[in-house]
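To start, the structure itself, in structure tokens.
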Amino acid sequence: MASCSRAQVISLYRMLMKESKKFSSYNYRTYALRRVKDGFRENLHVDNPKTLDMLINQARENLAVIKRQVSIGHLYSAQRTVVEKEPHL
Amino acid sequence: MNRTLSRKLLGSMCGISSPRLSFAQSAVNTVQRQKELIKSRELEKDELRPLYMDFQATTPMDPRVLDAMLPYQVNYYGNPHSRTHAYGWESESAMEKARKQVADLIGADPREIVFTSGATESNNMSIKGVARFYKAKKNHIITTQTEHKCVLDSCRILEAEGFDITYLPVRNNGLIDLKQLEETIRPDSSLVSIMTVNNEIGVKQPIKEIGQLCRSKNVFFHTDAAQAVGKIPINVSDWKVDLMSISGHKIYGPKGVGALYVRRRPRVRIEPLQNGGGQERGLRSGTVPTPLVVGLGAACEIAQQELEYDHKRVTVLANRLVQKMMSEIPDVVMNGDPDQRYPGCVNLSFAYVEGESLLMALKDVALSSGSACTSASLEPSYVLRAIGADEDLAHSSIRFGIGRFTTEEEVDYTVEKCIQQVKRLREMSPLWEMVQEGIDLKSIKWTQH
């Protein structure tokens with residue numbers, strides 16, 4: 001499948017990271033960024049095309065979830081937490 | 001309620017004598033005035049939010065769980081028990097999918113899962129249900145002194161109905177003595193109820209061995225696994241558990257939903273608490289709240305996928321917290337067994353510091369001293385008393401909860417603030433001064449006044 005190409009995977013990773021940065025909640029934002037990075041790192045050496053397909057589809061679904069939840073977070077945002085340095089952009 | 005009266009009631013219920021008035025009591029009485037100062041006060045508009053370190057009280061919902069729930073709150077709002085139209089059918093199929101997700105997490109069959117309104121209802125259902133069903137031949141129930149309030153209160157009600165309840169004591173590390181449990185089981189025992197992971201001290205009971213013992217003696221075994229589900233691997237067949245309570249809001253799911261696992265082979269019969277249209281196999285009538293159970297199912301599926309990752313991470317963070325805390329300040333005691341525990345629940349006692357004043361001082365961090373359901377009373381936690389903690393140490397305990405969303409920054413901030421405040425409070429404490437001068441506090445004869 002075309003989506004098995006390295007460039008596609010990298011672009012998916014970049015999109016996930018870009019969307020995760022938009023979470024207004026500190027805890028959700030840090031979790032999403034961390035989990036995406038660790039998830040991709042964990043599966044770095046997967047060869048089996050079936051598994052790759054499944055993982056890529058999962059990643060695409062997660063991207064959709066993150067996009068929706070980011071919007072909801074913006075609609076119902078709350079104040080910053082004590083450890084956040086400057087206002088979230 | 002008068003302090004001595006409440007202590008005597010608690011004492012008679014737990015099978016321990018009322019404790020003598022120790023020297024710390026007078027210190028606590030003076031601080032009682034300060035207790036009124038922790039008035040509940042909502043945050044101002046631009047005040048920064050405190051860090052959340054109270055994961056045993058409740059957990060934030062995982063965004064993936066909310067995402068799964070929303071369609072059922074907006075468009076797919078049918079009643080899952082409606083058999084005549086698509087709204088009902090799609091709602092029912094979502095409910096059955098969620099049932100399978102919950103069952104998969106604990107290694108059960110979907111037909112063995114009953115949806116309830118939470119672990120409290122599940123506990124009530126199982127304890128009262130089993131006791132009342134087998135009342136004719138079996139009259140004895142065994143539980144421990146460190147159980148959740150709902151279990152202890154259910155047992156208290158059963159005592160009033162004429163049942164015989166044994167509250168097993170725990171050792172200093174919070175674990176029960178298997179030998180003692182074996183000796184306590186009688187031919188007329190119908191149920192043993194012991195929680196998997198304690199919500200106040202994080203101690204993990206030897207459930208596999210208890211299950212083995214109960215199966216060999218033909219006694220039903222119920223465990224309140226609210227704090228354990230999704231955090232440690234669970235298999236009800238391996239563990240030989242007959243009934244298990246699950247809570248939604250402890251595993252990053254919605255509040256107001258839970259489940260009860262009821263074994264089918266060998267069959268466990270329960271007298272239902274809630275009667276009505278016969279939903280949930282007649283065990284719990286009432287419309288099943290589809291959005292909530294969909295959330296519970298999603299939370300269970302996510303927990304199963306993330307179990308290893310979360311456990312590893314929580315262990316690292318908890319060790320970081322404990323190491324730093326213990327290395328920077330002296331006289332810190334960890335309550336509960338250091339090995340047989342779930343790492344995400346750390347209960348520390350800071351000697352010569354009063355727990356409530358420390359909580360007040362750490363207003364940037366959401367913590368608790370003991371469980372949420374006992375925080376209204378002035379009594380120190382009964383769990384700490386049951387593990388034999390000194391009265392004064394029981395008053396100065398704080399519970400740190402670490403979960404899926406906790407970051408290193410939050411842990412570092414908490415530890416730093418805590419160390420700072422403990423040092424400051426100790427500077428102000430006359431007891432600490434005396435200890436520094438080398439006076440042995442236990443040898444002091446305090447005069448009554």
Side-chain angles (χ1 to χ4, degrees), chain A residues 12 15-46 51 54-89, chain B residues 42-55 58-71 73-74 252 295 298 301-302 305-310 312-314 316-317 362-367 401-418:
Chain A
L12 198 54
M15 282 197 283
L16 278 163
M17 294 300 267
K18 190 173 103 178
E19 288 303 320
S20 300
K21 283 201 181 90
K22 296 182 186 166
F23 266 117
S24 55
S25 151
Y26 168 79
N27 289 99
Y28 288 162
R29 186 171 64 244
T30 50
Y31 176 72
L33 289 167
R34 185 185 344 124
R35 191 68 189 88
V36 165
K37 186 151 56 138
D38 288 344
F40 272 79
R41 184 172 299 157
E42 196 181 307
N43 294 312
L44 205 51
H45 301 290
V46 170
T51 326
M54 186 198 71
L55 289 171
I56 289 174
N57 283 330
Q58 242 173 43
R60 288 219 177 96
E61 270 163 35
N62 281 326
L63 180 60
V65 171
I66 293 178
K67 281 190 170 146
R68 288 193 290 263
Q69 293 303 312
V70 160
S71 325
I72 291 177
H74 285 148
L75 292 171
Y76 295 97
S77 62
Q79 313 96 325
R80 288 183 288 135
T81 60
V82 214
V83 281
E84 289 181 76
K85 299 283 176 345
E86 71 274 343
H88 174 64
L89 295 160
Chain B
E42 286 177 43
L43 291 174
E44 302 287 313
K45 198 141 192 283
D46 36 349
E47 208 177 321
L48 295 177
R49 289 187 80 73
L51 304 180
Y52 192 75
M53 300 285 289
D54 200 11
F55 281 80
T58 186
T59 56
M61 277 219 288
D62 193 297
R64 294 166 280 194
V65 169
L66 182 60
D67 199 72
M69 285 170 68
L70 280 172
Q73 301 273 33
V74 182
Y252 311 97
E301 189 177 57
I302 294 170
Q305 289 166 358
E306 305 278 348
L307 205 140
E308 211 186 295
Y309 179 87
D310 282 345
K312 217 184 287 182
R313 196 181 145 69
V314 164
V316 163
L317 287 175
L362 289 173
K363 61 177 173 52
D364 283 342
V365 186
L367 290 166
I402 297 176
R404 184 181 292 166
F405 300 106
T406 316
T407 63
E408 283 93 354
E409 277 170 311
E410 288 179 319
V411 168
D412 289 342
Y413 182 94
T414 307
V415 167
E416 202 183 290
K417 273 283 145 105
C418 195

Item to complete: Measure across B:Glu410 and A:Val83 and return the closest heavy-atom pair with its distance rounded to 0.1 Å.
Response: CG-CG2, 4.3 Å
Worksheet, complete the sentence: chain A shares the most heavy-atom pairs under 4.5 Å, among B:Thr406, B:Leu48, B:Val365, B:Asp67, with B:Asp67
Response to the item:
Pair count under 4.5 Å, heavy atoms only, with chain A: among B:Glu306, B:Glu47, B:Arg49, B:Arg404, highest is B:Arg49
Worksheet item: Rounded to the nearest 0.5 Å, how far apart are OG1 of B:Thr407 and CG of A:Asn27?
Response: 7.0 Å
Worksheet item: Given a strict heavy-atom distance threshold of 4.5 Å, which part of A:Ile72 is in contact with chain B: side chain, backbone, both, or neither?
Response: side chain
Worksheet item: In Å, rounded to the nearest 0.5 Å, how long is the span from CZ of B:Phe405 to CZ of A:Arg34?
Response: 9.0 Å
Worksheet item: Is the number of heavy atoms from other residues, nucleotides or ligands under 6.0 Å of B:Glu416 CD greater than 12?
Response: no
Fill in: Side-chain H-bond candidate by donor/acceptor type, A:Asp38 with B:Tyr309, under 3.5 Å
yes
